[in-house]
Amino acid sequence: MKIATWNVNSLKVRLPHLLRWLADNPVDVLCLQETKLTDDKFPVAEINEAGYQVAFSGQKTYNGVAILSKLPLLDVVRNNPRFEDEQQRILAATIDGVRIISAYVPNGQAVDSDKYVYKLAWLKSLHEWLAEEMRSHASLAILGDYNIAPDDRDVHDPAAWEGQVLCSDKERAALTALTDLGLTDSYRLFEQPEKNFSWWDYRMLGFQKNKGLRIDHILLSEKLTQRCTACVIDRAPRKWEQPSDHAPVIATID
DNA sequence: ATGGCAATAGAGTATTGA
């Protein structure tokens, strides 16, 4: 089973990229973030035609998450039931006995801004809900754009980013709190290339200069960690015309 | 060198992202 995550930064713009990528990478499950579409505009027919069933939770202009799957999506839940939130950032479904969660963690804008406070509160509540979910689902994977670079290996210029949003101690502690629940960053189970990232700024020739961050992650419960045989970042679609600023991350579960 | 790109809403320019 291959499971993947990709922040597409507008599914309206990126639908051709998505279909092309799925043709090249026929993963079993793909979690999307930043679809930026209301549910009535979601391209269900095109995705079905590509061989995928899909659940989605969107809103106008911002956020929006989805899960594509070759197998049926059961027990679909929108949002963290413990966190009152108008922003559509969480979608969960059970696929082939695995609880899959697509998550779009808030960006946080700047340390100590209102959005940063919201990000930390959101993560704290996610932690509480995940603890619960893990009790009822031994096989659980939470995939998405975490907007947190776990450590300095995940940052192109750690000195420049030190203490900044996406790299601050409080954000990293919030991510560590999630892994302390018994979730593992699948990427670090394996030897990985140096300076390998999942996001590059559109500005400053970020991708060409590889000025990026690794902020998109696949966290696995212990049961899935034992079955995980690979985790890779696919930079290929970042080189395509009019790309998303994020690259997909893929984990293989045997 | 502290900007720079891109998407959205909506009709010039503001907001957000990371």
Side-chain angles (χ1 to χ4, degrees), chain A residues 5-18 31-43 56-66 85-90 102-123 126 143-175 185 187 195-217 233 235 237-249:
Chain A
T5 181
W6 195 8
N7 179 327
V8 290
N9 185 19
S10 168
L11 187 53
K12 182 182 165 196
V13 173
R14 233 67 70 185
L15 181 61
H17 303 66
L18 173 67
C31 295
L32 301 180
Q33 301 85 37
E34 284 209 89
T35 55
K36 298 187 178 181
L37 292 170
T38 51
D39 290 350
D40 58 304
K41 302 240 171 61
F42 199 92
F56 43 89
S57 176
Q59 66 181 90
K60 201 170 178 178
T61 313
Y62 302 116
N63 311 312
V65 283
D85 196 357
E86 288 180 7
Q87 304 186 22
Q88 301 305 308
R89 296 179 173 278
I90 291 273
S102 179
Y104 178 42
V105 177
N107 169 283
Q109 198 169 56
V111 171
D112 294 333
S113 67
D114 290 349
K115 293 195 175 88
Y116 183 81
V117 172
Y118 163 73
K119 179 178 192 173
L120 293 178
W122 193 97
L123 284 163
L126 175 67
L143 309 86
D145 177 358
Y146 285 74
N147 272 314
I148 301 171
D151 65 58
D152 285 351
R153 292 173 294 176
D154 305 311
V155 181
H156 68 91
D157 184 348
W161 280 87
E162 189 179 3
Q164 301 295 309
V165 75
L166 315 195
C167 298
S168 72
D169 290 345
K170 284 180 182 172
E171 290 163 274
R172 285 176 169 173
L175 183 57
D185 179 1
Y187 183 82
K195 302 280 177 193
N196 197 28
F197 308 119
S198 68
W199 169 86
W200 301 261
D201 202 314
Y202 285 122
R203 298 169 291 184
M204 303 176 284
L205 299 171
F207 183 67
Q208 290 87 332
K209 295 181 178 171
N210 197 32
K211 290 185 169 186
L213 304 174
R214 190 177 70 90
I215 53 177
D216 299 270
H217 310 302
I233 299 170
R235 334 162 48 103
R238 188 63 175 78
K239 300 171 190 164
W240 298 349
E241 285 276 303
Q242 205 179 3
S244 167
D245 42 358
H246 294 255
V249 184

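It should be emphasised that the depicted structure is a prediction, and the values quoted were computed from it without experimental measurement. Reminder, nothing fancy here: chain letters follow the sequence lines and each chain counts from 1. The figures that follow rest on heavy atoms only: side chains count, while hydrogens, waters and symmetry mates do not.
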Exercise. Specify the closest pair of heavy atoms between A:Y118 and A:R89, including all atoms of both residues, with the distance to one decimal.
Key: OH-NE, 3.3 Å
Quiz item: Starting at CG of A:D245 and ending at P of B:dG4, how long is that distance when rounded to a whole Å?
Solution: 16 Å
Self-check item: Distance between C1' atoms of B:dA11 and B:dA7 (Å, rounded)
Solution: 16 Å
Self-check item: Nearest-Å distance for atom pair OH/P, residues A:Y104 and B:dT16
Solution: 12 Å
Quiz item: A:R214 and side-chain hydrogen bond (donor to acceptor under 3.5 Å, both in side chains): which partner among A:D185, A:D151, A:N196?
Solution: A:D185
Quiz item: Should the pair A:D152-A:R172 be classified as a salt bridge under the 4.0 Å nitrogen-to-oxygen rule?
Solution: yes
Quiz item: How close or far is atom P of B:dT16 from atom CG of A:D201, stated in whole angstroms?
Solution: 17 Å
Practice problem: Using whole Å, report how far CD of A:Q88 lies from C1' of B:dT16. | Solution: 17 Å
Quiz prompt | B:dA14 versus B:dG10 - spacing of their C1' atoms, nearest Å | solution = 11 Å
Quiz item: Which is true for A:L205 with a 4.0 Å heavy-atom rule: it touches a base, it touches only sugar-phosphate, or it touches nothing?
Solution: nothing
Could you go through nucleotides 6-9 of chain B and list every protein N or O atom that sits under 3.5 Å from one of its N or O atoms, giving the distance for each pair?
unit_1 : atom_1 : unit_2 : atom_2 : d
B:dA7  : OP1    : A:R14  : NH1    : 3.0
B:dA7  : OP1    : A:Q242 : NE2    : 3.3
B:dA7  : O3'    : A:S10  : OG     : 3.4
B:dT8  : OP1    : A:S10  : OG     : 2.6
B:dA9  : OP1    : A:T61  : OG1    : 3.4

Quiz item: Expressed in whole Å, how much space separates the P atoms belonging to B:dT8 and B:dT2?
Solution: 30 Å
Quiz item: Considering only the C1' atoms, how many Å lie between B:dG17 and B:dG4, rounded to the nearest integer?
Solution: 15 Å
Quiz prompt | Whole angstrom value for the distance that separates P of B:dG17 from OH of A:Y116 | solution = 15 Å
Quiz item: A:D114 has an atom CG; how far is it from atom P of B:dG17, in whole Å?
Solution: 12 Å
Quiz item: With A:L32, which of A:L18, A:N7, A:V65 fulfils side-chain contact (heavy atoms from CB on, under 4.5 Å)?
Solution: A:L18
Exercise. Could you check whether A:N7 gets within reach of a base, just the sugar-phosphate, or nothing at all, counting any heavy atom under 4.0 Å?
Key: sugar-phosphate
Quiz item: Any chance the side chains of A:Y187 and A:S198 put a donor and an acceptor closer than 3.5 Å?
Solution: no
Quiz prompt | Euclidean distance, atom NZ of residue A:K211 to atom P of B:dT2 [Å, nearest integer] | solution = 14 Å
Quiz item: Is the closest side-chain donor-acceptor distance between A:Q87 and A:Y62 under 3.5 Å?
Solution: no
Quiz prompt | Non-hydrogen atoms of A:Q242 and A:R14 that approach each other most closely | solution = O-NH1, 2.8 Å
Quiz prompt | For atom CD1 of A:I148 and atom P of B:dG17, their distance in whole Å | solution = 15 Å
